[in-house]
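Below: the structure, in structure tokens.
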4 protein chains.
Amino acid sequence: MSPRRTPHATRRSDRSRRAVQDAVLTPVGEAGYARTTVEAVAARAGAGRQTIYRWWPSRAAVLMDAFLDRSARRAAEADAAGEGGRSGVPDTGDLAADLKAVLRATVDELNDPATDAPVRALTAEGAVDPEFGARFVEELLEPRLRTYVTRLRAAQRPGQVRADVEPRIAVELLVAPLTHRRLLRTLPLTHAYADALVDHALRGLSPRA
Amino acid sequence: MSPRRTPHATRRSDRSRRAVQDAVLTPVGEAGYARTTVEAVAARAGAGRQTIYRWWPSRAAVLMDAFLDRSARRAAEADAAGEGGRSGVPDTGDLAADLKAVLRATVDELNDPATDAPVRALTAEGAVDPEFGARFVEELLEPRLRTYVTRLRAAQRPGQVRADVEPRIAVELLVAPLTHRRLLRTLPLTHAYADALVDHALRGLSPRA
Amino acid sequence: MSPRRTPHATRRSDRSRRAVQDAVLTPVGEAGYARTTVEAVAARAGAGRQTIYRWWPSRAAVLMDAFLDRSARRAAEADAAGEGGRSGVPDTGDLAADLKAVLRATVDELNDPATDAPVRALTAEGAVDPEFGARFVEELLEPRLRTYVTRLRAAQRPGQVRADVEPRIAVELLVAPLTHRRLLRTLPLTHAYADALVDHALRGLSPRA
Amino acid sequence: MSPRRTPHATRRSDRSRRAVQDAVLTPVGEAGYARTTVEAVAARAGAGRQTIYRWWPSRAAVLMDAFLDRSARRAAEADAAGEGGRSGVPDTGDLAADLKAVLRATVDELNDPATDAPVRALTAEGAVDPEFGARFVEELLEPRLRTYVTRLRAAQRPGQVRADVEPRIAVELLVAPLTHRRLLRTLPLTHAYADALVDHALRGLSPRA
DNA sequence: ACATAATCGAGACGGTACGTCAGGTCTTTTT
DNA sequence: AAAAAGACCTGACGTACCGTCTCGATTATGT
């Protein structure tokens, strides 16, 4: 075991933990990550700077924790609100419709600066810091991708998706273009775009034989 | 008239321009962009710091220029070496083969740290700074994407690609997953992956009717 | 009534009081006062930091108490060892010899780092913090000076010291130069120096008429 | 030679050097040394903090330089104002009067907080940091003491001071009590006290034979 | 060819944020 | 109730870079 980097979690003040997490998301959404200083986060949280450095190794780690926490909370709420279904890609039997529903929801989410700014910052940080990126991928991205894989596997059994399709690659076909447009700001993210992605991916580019 | 942002370009020392561009790519590749200070670049280039700030608006801009320059030089070399064709997606008549060739080449390029590190840094910077990102997209990404669009349009005429396919979306289907894997380091980039992407995109996920 | 600053002294743990006092003098002597943190003293004493702040108002106060305690203990020992006389300037009838004896003893004491370092720290603190300095003077310095005054007064009765001499000023003539040399480290403190001080002060600078 | 701690003095901005020196004395005099932060000095001087750290090794060093500079400037002014005499102990032929004049002037100087506070801080710092104290003594104290030694030597030739008097010790008899009273704040510094010191020191404590 | 003016390397400058350290207070658990 | 332990807020520290601003010492025209 590595020597404990952080002190006893037992004594940790839950009040300040929450306050800091709340305090980091707003300024990142408003002024951007680069302009969000540790000092400012601490001040807004009514916390000391040292309290932040005691529990998080870096500014980016604070943001990640805060974002993960919020995501988890929102997922829990969504599950509670829904008719008991687990958060993930729905399965109504109509694959195209299900994928479009999820991708449209993702489009809406990403068009909200409160989500876009943190994700953008976390992705940028992860692009440059491999260790950080790994955590981002493991904890945020992969769980999400797995829900697509599950849905696609389910669609393969009745033959709605060809058996020789690799679900992982199929997922990337659907999801990567969204990330691409959003992160690089090439073109706007719309529901129409989400639909078009699904249609193109399902039917393929080649003419039917 | 706005006061000239940059001084007489005529007087510019080509020696220092090249020296600075050379001096920025290495440390970015080795230590990462964040740890590459302007001071370090200036020292390595045997230049004064002011010389950098005189000609470039920011550290990121230096990197972008250096990278664009190198890309342009390499493209020129490639064209010279090739059978006279313009750099872009080749057109042998076999669309799948052509796409696989280009994507495989891209995979090789991106697996080279000398390319990966700068692109990573530029993407990260662009993700956070919209203006910078715009330049990155315009000057580096879009020209490349246009070559795919051209090739796909060419394939639509003989009916190798369905007429109702939107080339732009098709391109993203092919290219975005590469960026996704590379930037987020989810899974390794291989030739097999490039081939699989082309196959899945062309044939689609749904079974042939 | 003012709210009790300190808690019930009855409950106070004598073990920790002594442990803290012991724990402060060593590091001050070795590393200097500035580098002696409250945390370090507490750790060395096996005490909690709050235990220190509960009983002393500041770091300097701990040092002062510790030093006063040790001084008192040493004086008691000296008195016990001596021929029953109270600690102070002896009175053998020979004023010059008595003064030299005391000043030589003081020189020896001050040349011991175990005394020098704390006194130095306390003086420095007192120089900057008037309230603290006042306590230092009252509790440590003045009692000592009074013993000289007493001895000088005794010498005035038989005419060994002129009647128009102000004892207080005479004391300062004898004692201040020692403090001066020690604190400012201008020249070494020696027995010869102590003797010379006494001789010069008694006989004066002017020639005898 | 030690590797240059400080950068090329040639390029040093005289403006900021003076500004910093001016900016440190006022708050030290008003709020005390402990409450005078580097940041505050920098702000008051309109300088960056790094500019201070570039040229001075510590906060105390800034204060010392500032104080030395001011002392030198004042001495120069005094010499210019006087009838051509060098700053030092005057020599009218009447030793007692000359000494009283100088000591009275010293008393006045030390009763001015603008002098007292910095000297107090410098002495305290020097008491704890030997290297610092050495500089303080060499550059400020010893030159002053030498002027007394000179005057006393001059008084020895005509026999106004006994030949067997050691001037250095005589000086300390006169000067140390002032420092003692001032630094330890035992009793107020007055002209009467200065006079009494001179009288006692010259005539001695013992009765004239 | 030469004056002259802009660029160059160098590096100090005013700043901003960093991450650390210690002070003194508050809280939790143990004695 | 006081103790040990240790997290908390505060605030100063000294450092690292930023981007700007001088400074002589080179260039490179443009007369």
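- Evaluation of atom-type donor-acceptor distances gives no pair under 3.5 Å for the side chain of D:Q50 against the base of E:dC13.
- Using a 4.0 Å heavy-atom distance criterion, B:S58 is classed as making no nucleic acid contact.
- Taking 4.0 angstrom as the limit, C:W55 places a side-chain polar atom (N or O) nearer than this to OP1 or OP2 of F:dA3.
- Using a 4.5 Å heavy-atom cutoff, the side chains of C:E139 and C:F67 are not in contact.
- Scanning atom types as modelled, no donor and acceptor separated by under 3.5 angstrom connect the side chain of B:E39 and the base of F:dC18.
- Among the atoms of the strands shown, none is found under 4.0 Å from any heavy atom of A:T10.
- When rounded to the nearest whole Å, the span between CH2 of B:W56 and C1' of E:dC8 equals 13 Å.
- Under 4.0 angstrom from either OP1 or OP2 of F:dA12 there lies no side-chain N or O belonging to D:T37.
- To the nearest angstrom, C1' of E:dG23 lies 13 Å from CD of C:E125.
- Atom P of nucleotide E:dA12 and atom CD1 of D:I52 are separated by 16 Å, given to the nearest angstrom.
- Between the CZ atom of A:R35 and the P atom of E:dC18 there is a distance of 14 Å, given to the nearest Å.
- Rounded to whole Å, the distance from CZ on A:R44 to P on F:dC9 is 17 Å.
- Counting to the nearest Å, the P atom of E:dG14 and the OH atom of B:Y53 are 18 Å from each other.
- Residues A:R135 and A:D65 are paired through a salt bridge, judged by an N-O separation under 4.0 Å between the basic side chain and the carboxylate.
- Residue-level contact check: A:A47 touches the backbone only, with heavy atoms under 4.0 Å from sugar-phosphate atoms and none from bases.
- Both A:D14 and C:G46 sit near DNA chain F, but only C:G46 has its closest nucleotide nearer the 5' end.
- Put simply, the side chain of B:R49 and the base of E:dG9 share no donor and acceptor less than 3.5 Å apart.
- When rounded to the nearest whole Å, the span between CZ of C:R17 and P of F:dA2 equals 16 Å.
- The interatomic distance linking A:R11 (CZ) with F:dA5 (P) rounds to 10 Å, in whole Å.
- Close to F:dA7, at under 4.0 Å from its OP1 or OP2, lies no side-chain N or O of A:S13.
- Phosphate contact (OP1/OP2 of E:dT7, side-chain N/O of B:T51, threshold under 4.0 Å): absent.
- Residue whose closest nucleotide on DNA chain F sits further toward the 5' end, between A:R12 and C:A42: C:A42.
- Salt-bridge formation is not detected for the pair A:R18/A:D22: no Lys NZ or Arg NE/NH1/NH2 atom is positioned less than 4.0 Å from an Asp or Glu carboxylate oxygen.
- Picking from E:dG23, F:dC13, F:dT27 the nucleotide with the shortest atom distance to the side chain of D:V38 gives F:dC13.
- A salt bridge does not link C:R120 with D:D129: every distance from a Lys NZ or Arg NE/NH1/NH2 to an Asp or Glu carboxylate oxygen is 4.0 Å or more.
- Considering only heavy atoms from C-beta on, B:L122 stays 4.5 Å or farther from B:Y33 through its side chain.
- Within 4.0 Å of B:R15, counting heavy atoms only, lie sugar-phosphate atoms of the nucleic acid but no base atom.
- Between the C:T51 side chain and the C:A47 main chain, no donor and acceptor come within less than 3.5 Å of each other.
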